[in-house]
Novice: 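The structure under discussion is supplied below as structure tokens; questions concerning it will follow.
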Amino acid sequence: MKIDRMIGILSILLQNEKTTAPELAKIFEVSRRTIGRDIEALCNAGIPIFTVQGSGGGIRIMDGYRMNRTILTSKDMQMILAGLRSLDSVSGSNYYRQLMEKIQTGASDFVSGRDSIFIDLSSWYKETLAPKIKLIQDAIEERKLLSFHYYAPKGESKRMIEPYYLIFKWSSWYVWGFCTEKKDFRMFKLNRMDLLNKDSTNFTAKEVPLPDFSTEKIFPVEMKVKALFCEELKWKLVEEFGANCFTKNEDGRLLFSADYTDKKNLLCWLLTFGDQVEVLEPAEVKDEMIRIAKNILHKYEK
């Protein structure tokens, strides 16, 4: 990808006195003409790069600019490499590992110390997730429409979108794009997508608003819940809501109190604890838990 290659070229230029187009072309496995376009793009971005022709010439960054090379410390480089390594966990290839090696080739004396961070962005669905991510990346770069079958809480549908961003949020992957059916920007969860296909139709890029990830927008508070949990579930409450979400009663049970988005999701969450939770509030959720328990009992009694 062009942006990744440009980052690699900039890293090499920052760590070396000079380099040449043939050397960069060999490292990044592209043509000298492609390297020339990348150098031009870096110059347009404000990086003072110049080239000297003839024997002893090459590509370098202006000396005055090199005084600021410490803007990237060894720790900074470790963070960059950790980020690139994490992308390989979902890319389905070794592309980013190879890019890391290329960057390190030009900064071997700059990257010191052992790796201390390992990020794995994959999931239990890694085998099906990686091809989806690759296909969506290609569609975004090529400005191609995406079609897919989508499974949502409100039902199934066939969708066609203009893809703009791949997003990793809440431990899951999403694609943000313009839905041709809804005539608006929507976010779709990759694990709910099936029959994903890159259409041959091109689209003209729009002005793209970034999704609103504010808590108020994504998780609007609809109800306050109070429930008693067995002490054995303390770890689960701490993991999901933090150590201050409950107080301990005299009988040892944990009085849990929190805001929740909607009744349906709350019921699904509470039911995962079986008989180790007792709902106190709200009354409508308590009544619904009783109804569900009776239905379950009735099914098993038959």
Side-chain angles (χ1 to χ4, degrees), residues 1-121 133-134 136-143 164-168 205 207-208 210:
M1 298 180 186
K2 182 176 180 179
I3 185 64
D4 301 322
R5 190 172 60 248
M6 289 170 63
I7 292 173
I9 291 172
L10 181 57
S11 175
I12 290 174
L13 290 174
L14 283 169
Q15 313 313 320
N16 292 274
E17 191 68 27
K18 66 178 179 180
T19 186
T20 65
E23 288 173 349
L24 292 174
K26 183 177 180 181
I27 290 173
F28 294 98
E29 300 174 357
V30 295
S31 67
R32 293 176 59 179
R33 182 173 295 181
T34 297
I35 294 297
R37 287 196 294 266
D38 290 343
I39 295 297
E40 183 179 355
L42 287 168
C43 290
N44 292 336
I47 309 298
I49 299 174
F50 70 96
T51 60
V52 177
Q53 302 296 326
S55 178
I59 304 170
R60 60 185 297 173
I61 295 180
M62 290 179 63
D63 290 337
Y65 190 80
R66 290 181 64 83
M67 292 176 61
N68 294 323
R69 63 187 290 180
T70 53
I71 191 171
L72 286 177
T73 64
S74 178
K75 184 177 181 180
D76 294 334
M77 287 297 295
Q78 291 286 359
M79 296 301 103
I80 291 172
L81 295 177
L84 289 174
R85 189 182 301 109
S86 71
L87 292 173
D88 256 351
S89 65
V90 291
S91 68
S93 69
N94 292 321
Y95 175 82
Y96 293 98
R97 179 185 61 78
Q98 293 167 357
L99 178 60
M100 282 191 298
E101 292 174 353
K102 293 168 184 176
I103 292 177
Q104 287 176 308
T105 299
S108 57
D109 61 334
F110 189 58
V111 181
S112 61
R114 298 181 60 187
D115 296 332
S116 58
I117 295 180
F118 181 82
I119 305 170
D120 191 336
L121 300 178
I133 289 177
K134 177 64 168 61
I136 293 171
Q137 282 181 316
D138 291 343
I140 292 173
E141 289 188 3
E142 299 169 17
R143 292 285 187 253
Y164 289 100
Y165 288 105
L166 266 170
I167 297 170
F168 184 77
E207 289 290 328
V208 186
L210 291 176

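Because the structure is a prediction, the values reported are computed rather than measured.
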Novice: My understanding is that only residues two or more places apart in sequence, or in another chain, count here; which of them pass side-chain contact (heavy atoms from CB on, under 4.5 Å) with Thr34?
Specialist: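 Thr34 satisfies side-chain contact (heavy atoms from CB on, under 4.5 Å) with Arg5, Val30, Ser31, Arg37, Asp38 once adjacent residues are dropped.
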
Novice: Between atom CD1 of Ile27 and atom CD1 of Ile12, what is the distance when rounded to the nearest 0.5 Å?
Specialist: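 One finds 4.0 Å between CD1 of Ile27 and CD1 of Ile12.
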
Novice: Considering all heavy atoms of both residues, which atom of Leu166 and which atom of Gln137 are nearest to each other, and what is their separation?
Specialist: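 That would be CD1-CG, 3.5 Å.
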
Novice: Could you list the residues that satisfy side-chain contact (heavy atoms from CB on, under 4.5 Å) with Val208, not counting sequence neighbours?
Specialist: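 For Val208 the side-chain contact (heavy atoms from CB on, under 4.5 Å) partners, ignoring immediate neighbours, are Tyr164, Tyr165, Trp176, Phe185.
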
Novice: Kindly write out the residues that satisfy side-chain contact (heavy atoms from CB on, under 4.5 Å) with Glu40, not counting sequence neighbours, or none if the list is empty.
Specialist: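 Glu40 satisfies side-chain contact (heavy atoms from CB on, under 4.5 Å) with Asn44 once adjacent residues are dropped.
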
Novice: When rounded to the nearest 0.5 angstrom, what distance separates CD1 in Ile47 from CG in Leu13?
Specialist: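 Between Ile47 CD1 and Leu13 CG, I get 9.5 Å after rounding to 0.5 Å.
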
Novice: Mind listing the closest non-hydrogen atom pair of Ile49 and Ile61 along with its distance?
Specialist: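 Where Ile49 meets Ile61 most closely, the heavy atoms are CG1-CG1, 4.2 Å.
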
Novice: Working to the nearest 0.5 angstrom, can you tell me the gap between Ile9 CD1 and Leu42 CG?
Specialist: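 So the CD1 of Ile9 and the CG of Leu42 are separated by 6.5 Å.
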
Novice: I need the Leu210 CG to Ile167 CD1 distance, nearest 0.5 Å.
Specialist: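 These two atoms lie 7.5 Å from each other.
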
Novice: Give a yes or no on whether Arg32 atom CZ has more than 12 heavy-atom contacts from other residues, nucleotides or ligands under 6.0 Å away.
Specialist: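 Open: at most 12 neighbouring heavy atoms sit under 6.0 Å from CZ of Arg32.
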
